[in-house]
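Single-structure report; data block below.
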Amino acid sequence: MSSGGATTKASSIPDKSIRICADRGGTFCDLHASYPDPENPHERKELVVKLLSQDPGNYGDAPTEGIRRILEVVTGDHIPRGSVLNTDKIDYIRLSTTVATNALLERKGHKHALLITRGFKDLLLIGNQARPKIFDLNIRRPPPLYSTVVEVDERVTLVGYTSDPQAEQHAVQFDEQGKVKRGYRGAGWDGQGDAEGPGEIVQGLSGEAVRIMKKPDLGAVEKDLRRLYDEGYRSLAIVLCHSYTFPDHEVAIGKLARRIGFEHVSESAQLLPMIKLVPRGVSSTADAYLTPILRQYLDGFFSGFDEKLKDGRLRSPRVEFMGSDGGLVDLNNFSGLKSILSGPAGGVVGYALTSWDEKKKLPIIGLDVGGTSTDVSRFDGRYEVVYETTTAGVTIQSPQLDINTVAAGGGSCLTFRNGLFMAGPHSAGAEPGPACYRKGGPLAVTDANLVLGRLVPDYFPKIFGKSEKEPLDVEASRSAFEALAKVINESQEKKYELDEIVNGFIKVANETMCRPIRALTEARGYATSKHILASFGGAGGQHACEIAHLLGIKTILIHRYSSILSAYGLALADRAFELQEPSSTFYTADNRASLVARLDKLDAGVRKELARQGFEGKHVHTERMLNMRFEGTDTALMVLPSAKDGDGKEDFEAAFKRVYLAEFGFLLETKTIVVDDVKVRGIGKTFDSLGESVYSEVARLQRRTVGRSKADSTYSVYFDEVGRVPDTPVYLLPTLAVGDAIEGPAMIIDNTQTIVLIPGAKAVLTSKHLYITLQ
């Protein structure tokens with residue numbers, strides 16, 4: 001299904017002018033494209049394509065098929081399915097994918113081996129001893145991602161802090177060249193010659209003194225690696241103690257493994273130069289587990305295009321990927337670890353950049369109701385990023401947008417069990433899909449919306465059935481619900497009407513979607529009702545009003561591309577690159593200058609890399625951060641500085657204390673602050689400005705109430721508070737003009753979404769949004 005474009009002649013489209021963004025989700029693959037208007041080259045036309053993520057009977061790869069359809073529409077040329085696509089007309093392709101996420105959830109990653117310091121063989125299996133379900137009698141711990149473990153006979157230890165003069169009783173100090181200047185007996189050195197005991201003392205990247213107790217025997221390591229290679233292993237994770245500050249041993253083993261022929265090697269210090277061996281190790285095994293699967297998928301994706309280089313990359317066009325932190329990265333910097341939230345991140349970028357007003361500063365909740373799940377996030381002027389998350393029982397230490405996911409979407413299966421209505425967590429997916437998809441699937445939320453009249457088959461894409469050309473099957477959904485209603489009524493004293501039962505499932509699904517919203521707001525001290533709800537995703541418009549009503553939210557924003565906002569967000573997203581170094585420094589007045597110098601060095605490196613990628617001057621913005629904690633605690637917080645202090649310097653201490661107080665509710669005023677890491681994140685801006693905000697546009701709009709005469713048709717729709725309204729007006733979004741106002745109950749439909757206005761809701765159309773207010 002496509003919309004928004006008209007067939008043109010290929011000769012009228014300049015080379016390198018079509019910009020394509022594709023989001024491959026669990027159920028649907030969404031694509032957004034823009035290209036020069038042949039009649040007005042200074043204007044760009046837009047095109048939307050939506051297709052099933054999996055349809056093996058018709059195509060092998062959904063993004064490739066979507067790009068083929070876009071090229072057909074834009075160029076006017078017939079391009080047979082399965083043919084290699086010519087990329088001359090394409091400027092860039094931006095892709096977000098759930099391939100790695102699904103591989104982690106389904107435990108279908110790549111077989112790999114873990115190389116770890118001798119004596120720590122079971123460390124990642126033991127983990128951090130967290131007990132998320134403390135009262136369960138039968139704890140089933142998820143198995144580790146790696147298939148086998150090889151212990152490396154190497155060892156380095158830390159001697160002590162080096163930077164704080166007050167810590168001299170247990171520190172070794174170094175000169176400017178990193179050589180030992182003086183030490184103390186508590187550090188194992190008498191200050192008069194070589195260090196006492198075995199091992200050379202060197203300065204680590206963090207500034208800490210590191211004693212090299214034992215270097216790895218590369219000959220013995222090579223034997224182990226060749227044995228692994230002969231057993232079929234092609235992916236490795238190398239996790240050595242204290243490699244975050246002394247990575248030399250990991251680097252040496254990594255070079256050896258690549259020389260032997262291992263196709264992927266995840267060195268923990270290169271991935272995450274951070275303290276804490278367990279999360280760093282699990283993250284490295286996750287990368288070794290997922291990156292080969294991701295690369296395999298991308299190789300298949302690239303095989304559908306012309307002019308490939310030897311390493312599989314395209315010579316033209318540029319191909320960029322959405323990272324889990326909301327920034328675009330190139331192929332060289334994209335990995336399984338960075339793609340865990342690749343798909344949802346595009347949606348967060350999309351609603352954040354189109355819904356935020358720098359003057360009003362109204363916080364926004366993003367509600368992405370997709371086919372398989374619902375993703376919830378919050379935006380209050382900057383992306384909320386977390387540095388340690390647990391996905392499918394795997395604790396990963398990597399920057400990710402703070403997105404809460406719940407298994408409730410359009411494809412969530414509906415069941416009645418032990419007297420309870422259940423929505424999810426299992427999903428019908430794209431194959432076979434809900435019962436109405438004509439492939440024998442189970443009852444799902446989409447079926448409930450269809451039976452209640454919240455989906456109108458005449459306006460819904462006819463892409464179902466074996467022929468891929470049939471409409472939604474209302475009778476299949478109704479028959480399945482009637483059979484389920486019979487079972488439910490047999491177990492209840494009160495007999496329910498079919499509409500009441502179907503609506504009951506919708507209410508359960510809505511409450512399930514509200515749960516993560518409350519976790520992001522009320523559980524963190526924010527008033528939910530003071531937020532704006534930005535609803536998107538293919539099923540978002542059917543649930544937005546009711547969810548906002550449950551949460552006490554009065555304003556809803558639905559973008560005109562809301563059903564494909566994750567793809568549209570890719571078109572708006574910025575290029576991101578970051579550098580990070582470990583530190584072991586007390587945050588004191590004496591040390592602040594050295595920390596600033598390290599930040600300046602990283603800042604210059606980030607700007608240099610972004611300049612190489614084509615971003616310079618005012619198009620580059622950097623964020624300087626310190627990972628800080630109170631001495632004696634083990635939880636560090638990555639903080640941006642507050643406004644400049646009285647000396648005109650970045651005030652990290654005030655920022656840390658503010659964030660710490662908000663997170664934990666108290667401060668350890670007597671404790672010294674320790675800096676664990678220094679980090680600089682660079683942003684290459686895609687757009688200087690995205691134009692007028694929706695709020696200022698609404699304030700100046702001349703509103704015109706649209707009567708029922710402008711409705712395209714009427715339809716029988718069930719609403720929770722008033723029951724079934726047989727003549728609910730159905731408006732077509734493309735026929736409405738900016739300023740048109742509609743009062744609920746009503747439905748507003750276009751080629752990719754259905755928006756349900758409950759009784760009492762009012763909507764006004766702006767240039768880019770449907771602006772909805774509730775009583």
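Values in this document were obtained by computation on a predicted structure and should not be read as measured data.
More than 12 non-hydrogen atoms from other residues, nucleotides or ligands lie less than 6.0 angstrom from CD of Gln492. In Lys495, the NZ atom is crowded: over 12 heavy atoms of neighbouring residues, nucleotides or ligands sit closer than 6.0 Å. A 6.0 Å sphere centred on NZ of Lys361 holds more than 12 heavy atoms belonging to other residues, nucleotides or ligands. For CZ of Arg700, the number of neighbouring non-hydrogen atoms (other residues, nucleotides, ligands) closer than 6.0 Å is greater than 12. Within 6.0 Å of CD on Glu39 lie no more than 12 heavy atoms contributed by other residues, nucleotides or ligands.
Arg19 and Ser34 share no donor-acceptor pair across their side chains, judged by distance under 3.5 Å alone. With no hydrogens or angles considered, no side-chain donor-acceptor pair links Asp91 and Ser17 at under 3.5 Å. Side-chain atoms of Thr714 and Asp727 include no donor-acceptor pair closer than 3.5 Å. Counting only N and O atoms by type, the side chains of Asp55 and Asn58 include a donor and acceptor under 3.5 Å apart. Neither side chain, His549 nor Asp720, offers a donor N or O lying under 3.5 Å from an acceptor on the other. Donor-acceptor pairing under 3.5 Å is lacking for the side chains of Ser479 and Glu475. For the residue pair Ser713 and Tyr459, a side-chain donor N or O sits within less than 3.5 Å of a side-chain acceptor on the partner. Using modelled atom types, one finds a donor on one side chain and an acceptor on the other under 3.5 Å when comparing Gln753 with Ser562. Side chain to side chain, Thr752 and Ser563 meet the donor-acceptor criterion of an N or O pair below 3.5 Å. With 3.5 Å as the limit, one finds a donor-acceptor pair spanning the side chains of Ser716 and Arg724. At a cut-off of 3.5 Å, with distance as the only test, a side-chain donor of Tyr561 or Glu46 sits close to an acceptor on the other residue.
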>> Apply side-chain contact (heavy atoms from CB on, under 4.5 Å) to residues Ile532 and Leu557 and explain how you reach the verdict.
In response: CA-CA 7 Å; Ile532 304 293; Leu557 292 177; 3.9 Å; yes
> What's the verdict on side-chain contact (heavy atoms from CB on, under 4.5 Å) for Arg560 and Leu770, showing C-alpha distance, side-chain angles and the deciding distance?
Replying inline: CA-CA 7 Å; Arg560 61 173 172 163; Leu770 198 63; over 6 Å; no
>> Apply salt bridge (Lys or Arg N to Asp or Glu O under 4.0 Å) to residues Arg69 and Glu65 and explain how you reach the verdict.
In response: CA-CA 6 Å; Arg69 296 183 187 184; Glu65 169 64 13; 2.9 Å; yes
>> Evaluate His543 against Asn449 for side-chain hydrogen bond (donor to acceptor under 3.5 Å, both in side chains), listing each step before the verdict.
In response: CA-CA 9 Å; His543 298 265; Asn449 280 315; 3.2 Å; yes
> How far apart are the C-alpha atoms of Thr521 and Thr528, what are their side-chain angles, what is the distance that settles it, and do they pass the side-chain hydrogen bond (donor to acceptor under 3.5 Å, both in side chains) test?
Replying inline: CA-CA 6 Å; Thr521 53; Thr528 309; 2.8 Å; yes
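When side chains are defined from C-beta on, Lys50 counts as touching Ile564, because their heavy atoms get closer than 4.5 Å. Side-chain contact between Ile501 and Leu484 is absent, with no heavy-atom pair separated by less than 4.5 Å. Annotation: side chain of Trp356 is in contact with side chain of Asp380 (closest heavy-atom distance under 4.5 Å). Val502 is listed as a side-chain neighbour of Val451, based on a closest heavy-atom distance under 4.5 Å. Taking the side chain as every heavy atom from C-beta outward, Val406 and Asp375 never approach each other to under 4.5 Å. Taking 4.5 Å as the limit, every side-chain heavy atom of Pro36 sits out of range of all side-chain heavy atoms of Glu43. Looking at Pro63 and Leu95, their side chains come closer than 4.5 Å, going by heavy atoms from C-beta outward. Using a 4.5 Å cut-off on side-chain heavy atoms (C-beta onward), Cys545 and Ile772 make contact.
In this structure, Leu71 CG and Ile20 CD1 are separated by 5.0 Å, a value rounded to the nearest 0.5 Å. Separation of atoms CD1 (Ile365) and CZ (Phe379) is listed at 14.0 Å; rounding is to 0.5 Å. To the nearest 0.5 angstrom, Met422 atom CE is 11.0 Å from Ser412 atom OG. Atom OH of Tyr383 is separated from atom CG of Leu401 by 7.5 Å, given to the nearest 0.5 angstrom. Summarising the geometry, atom OG belonging to Ser377 is positioned 8.5 Å from atom CG belonging to Asp402; distances are rounded to the nearest 0.5 Å. Interatomic distance, Leu733 CG to Ile558 CD1, rounded to the nearest 0.5 Å: 10.0 Å.
A salt bridge does not link Lys507 with Glu511: none of the charged nitrogens is closer than 4.0 Å to a carboxylate oxygen. One finds no salt bridge joining Glu72 and Arg81 here, because no Lys/Arg side-chain nitrogen approaches an Asp/Glu carboxylate oxygen to under 4.0 Å. Note on Arg454 versus Glu546: salt bridge recorded, some NZ/NE/NH1/NH2 to OD/OE distance being below 4.0 Å.
Checked by atom type and distance alone, the side chain of His531 pairs as donor or acceptor with a backbone atom of Ala527 at under 3.5 Å. Panel note: side chain Lys710, backbone Tyr731; no donor-acceptor pair is recorded below 3.5 Å. Glu490 places no side-chain N or O within 3.5 Å of a backbone atom of Val487 that could act as its donor or acceptor partner. Using a distance-only test at 3.5 Å, with no hydrogens or angles considered, a donor-acceptor pair links the side chain of Glu697 to the main chain of Ser767. Panel note: side chain Arg94, backbone Gly569; no donor-acceptor pair is recorded below 3.5 Å. Here the side chain of Thr735 pairs a donor or acceptor atom with the backbone of Leu732 at under 3.5 angstrom. A side-chain donor-acceptor contact under 3.5 Å links Asp740 to the backbone of Ala737. Side-chain N or O atoms of Lys762 include none that pairs as donor or acceptor with a backbone N or O of Thr773 at under 3.5 Å. Proximity of a side-chain donor or acceptor of Thr728 to a complementary backbone N or O of Ala746 within less than 3.5 Å is not detected. For the pair Asp23 (side chain) and Thr97 (backbone), a donor-acceptor distance under 3.5 Å is absent.
Exactly one residue among Thr354, Thr766, Asp357 makes a side-chain hydrogen bond (donor to acceptor under 3.5 Å, both in side chains) with Ser693. That residue is Asp357.
Nearest heavy atoms, Ala509 versus Val445: CB-CG2, 4.2 Å.
Taking the ring centre of Tyr526 as origin, the terminal cationic atom of Arg378 falls inside the region bounded by 6.0 Å and 45° from the ring axis.
Using a 30° and 60° split on the angle between ring planes, Phe505 and Phe481 fall in the tilted class, from 30° to 60°.
Two rings, from Tyr351 and His559, have their centers 6.0 Å or more apart.
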